[in-house]
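For reference, the structure is listed below as structure tokens.
Starting from 1, each residue takes its place in the sequence as its number. Atoms within each ligand, like the ligands themselves, are counted from 1 in listed order.
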Amino acid sequence: MALVVQKYGGSSVANVKRIKNVARRIVKTRRKGHHMVVVVSALGDTTDDLLKIAKAVTDKPSEREMDMLLATGEQVSVALLAMAIQKLGEKAISFTGPQVGIITDRSHTKARILNINAERIRAALREGNIVIVAGFQGKTVGEEITTLGRGGSDLTAVALAKAVSADRCEIYTDVDGIYTADPRIVPDAQKLDRISYDEILELASLGAQVMQPRSIEVGKKFNIPIHVCSSLREVSGTLIAKESQKMEDVLVSGVALNENEAKITIFKVPDRPGTAAKIFKELADSNINVDMIIQNKTETNSTDISFTVFKNELTRAMESVKQVAEKVGAKKVLCDEHIAKVSVVGIGMRSHSGVASKMFDVLAKNKVNIEMISTSEIKISCIVHSNKGKIAARAIHKAFGLGRK
Ligand code: ASP
Ligand code: MG
């Protein structure tokens, strides 16, 4: 008999049929004798729809009211799921995040969990209930409702698994697990049996969104193995866990393609201490996320700085950059939306050399020009022209032997 935490995402409970399907799966596990805590997201696109309504009411909704609004989505799904389980003859009770003592800081819309007092969940379990908890929400010490950032139900699940010392944490979603690449782009991508916390964190930040990155950070911190599996099909999923020797022997675990970034280049920036600080402070103050940054000193007394930003923030980024470029005496600013970022990720890179040269060689053989390169301990990313992104991802995936044999 185990204590299992399961999480079902919005698409897994998008309609009545799916809610009933999820209820049946839960009851099946329960009837094997396990105790269960189930975390659910809002039905289907509810959160997006609520955001749209708020934006239609005002272009600057206050963050406190935003949380009041968004938290309603999950309250609907927990109640419906509890009803569906009761209908199948099992005891179930639903709770909101605040009701089960999920205490967060006060950063509305992206709050961090500070503490969970799991006593109420434990009591409900002792009474024989399947406990259904609303994902994505909590409250401050001052009783204000908060939400945990988009995709935050994953975080609720992993944090609850820690709080109740669960034996298993299972994340159910509409994909079968984590793949070596996005199967829509690389048709012969394969499902991974296992991946390390660090690799999935890199893949998530590279745009291969399977789980909310912060939930993985919490999993890593407390060493909670996370099983990602399909809520629709009975297939084994992917285990996210601490790295093992066997994982290190694999050079590359996955290839990611990100087509949502644009490149900005500032030419002839005077080569003086403090210039980069000024430029990036301006961007940070405007709340613009900057990804890859490359600076190169040219022969003259100036440097060229290139970096990437999200395409949907490009207009705002260009406004800020143009202003600050003029202030620091740079020559000109140009942007390019026609870029794609291809990356390879693998903890094997820590102990093996030659991954970068192989990747560059594959790109060369496929006549793909590299515009920018950046690396970390377990990742190599190249910016290429947008019309070469998919070709590059497929070629690299094949060259590292990730496709179906
Ligand atoms: N409903 C929230 C969202 O769509 C939380 C979640 O799905 O995990 O972001
Ligand atoms: Mg959702």
Side-chain angles (χ1 to χ4, degrees), residues 5-15 18-19 21-22 26 37-55 61 63-82 94-100 102 104-105 107-113 116 132-139 145-163 169-175 178 200-201 204-205 207-219 224 226-232 237 240 260 289 310 312:
V5 171
Q6 295 190 335
K7 178 251 165 178
Y8 292 89
S11 58
S12 304
V13 288
N15 53 44
R18 290 198 179 174
I19 294 173
N21 168 54
V22 165
I26 293 168
V37 177
V38 179
V39 175
V40 220
S41 299
L43 312 193
D45 297 327
T46 304
T47 310
D48 289 321
D49 296 342
L50 291 171
L51 275 164
K52 270 184 221 143
I53 300 176
K55 288 267 150 69
E63 295 197 318
R64 180 191 182 279
E65 301 311 328
M66 212 58 211
D67 278 352
M68 288 298 281
L69 179 71
L70 295 188
T72 62
E74 270 69 12
Q75 192 170 340
V76 171
S77 35
V78 285
L80 292 174
L81 186 58
S94 69
F95 293 115
T96 64
Q99 278 180 307
V100 290
I102 300 181
T104 74
D105 64 13
S107 337
H108 281 291
T109 74
K110 47 182 176 302
R112 288 183 173 268
I113 298 179
I116 299 181
I132 318 284
V133 180
F136 174 58
Q137 50 177 257
K139 67 173 176 187
I145 291 177
T146 50
T147 62
L148 309 176
R150 295 308 306 271
S153 301
D154 290 336
L155 180 59
T156 306
V158 177
L160 276 180
K162 161 75 183 152
C169 180
E170 302 171 342
I171 306 290
Y172 287 91
T173 152
D174 55 356
V175 294
I178 292 152
I200 190 80
L201 277 170
S205 67
Q209 257 149 19
V210 192
M211 279 191 68
Q212 191 211 31
R214 268 167 58 198
S215 67
I216 310 283
E217 282 163 18
V218 171
I224 300 164
I226 303 166
H227 299 257
V228 179
C229 2
S230 164
S231 66
L232 307 168
I240 306 173
N260 300 322
N289 281 301
F310 291 124
N312 60 7

> Contact between G152 and ligand 1, counting heavy atoms under 4.0 Å?
Replying inline: yes
> Which heavy atom in A159 sits nearest to a heavy atom in I113, and how many Å separate them?
Replying inline: CB-CD1, 3.7 Å
>> Please list, in number order, the atoms of ligand 1 under 4.0 Å from a heavy atom of F136.
In response: 2 (C), 5 (C)
>> Can you tell me which residue among S77, S215, S41 is in a side-chain hydrogen bond (donor to acceptor under 3.5 Å, both in side chains) with S153?
In response: S41
> How about M66: does its CE atom have over 12 heavy atoms from other parts shown lying under 6.0 Å from it?
Replying inline: yes
>> Under 4.0 Å, counting heavy atoms only: does G151 come that close to any atom of ligand 1?
In response: yes
> Taking all non-hydrogen atoms of both residues, which atom of A157 and which atom of I171 are closest, and how far apart?
Replying inline: CB-CD1, 4.0 Å
> For the residue pair F136 and R150, what are the closest heavy atoms and their distance?
Replying inline: CE1-N, 4.2 Å
> N/O to N/O below 3.5 Å, does that happen between S153 and ligand 1?
Replying inline: yes
> Judging by distance only, is a nitrogen or oxygen of R150 under 3.5 angstrom from one on ligand 1?
Replying inline: yes
> Hey, is E74 touching ligand 1 through its side chain, its backbone, both or neither, going by heavy atoms under 4.0 Å?
Replying inline: side chain
> Hey, which atoms in ligand 1 end up nearer than 4.0 Å to a heavy atom of T47?
Replying inline: 1 (N), 2 (C), 3 (C), 4 (O)
> Do the side-chain N and O atoms of D67 and T147 include a donor-acceptor pair separated by under 3.5 angstrom?
Replying inline: yes
> Which ligand 1 atoms does S41 reach within 4.0 Å, using its non-hydrogen atoms?
Replying inline: 6 (C), 7 (O), 8 (O)
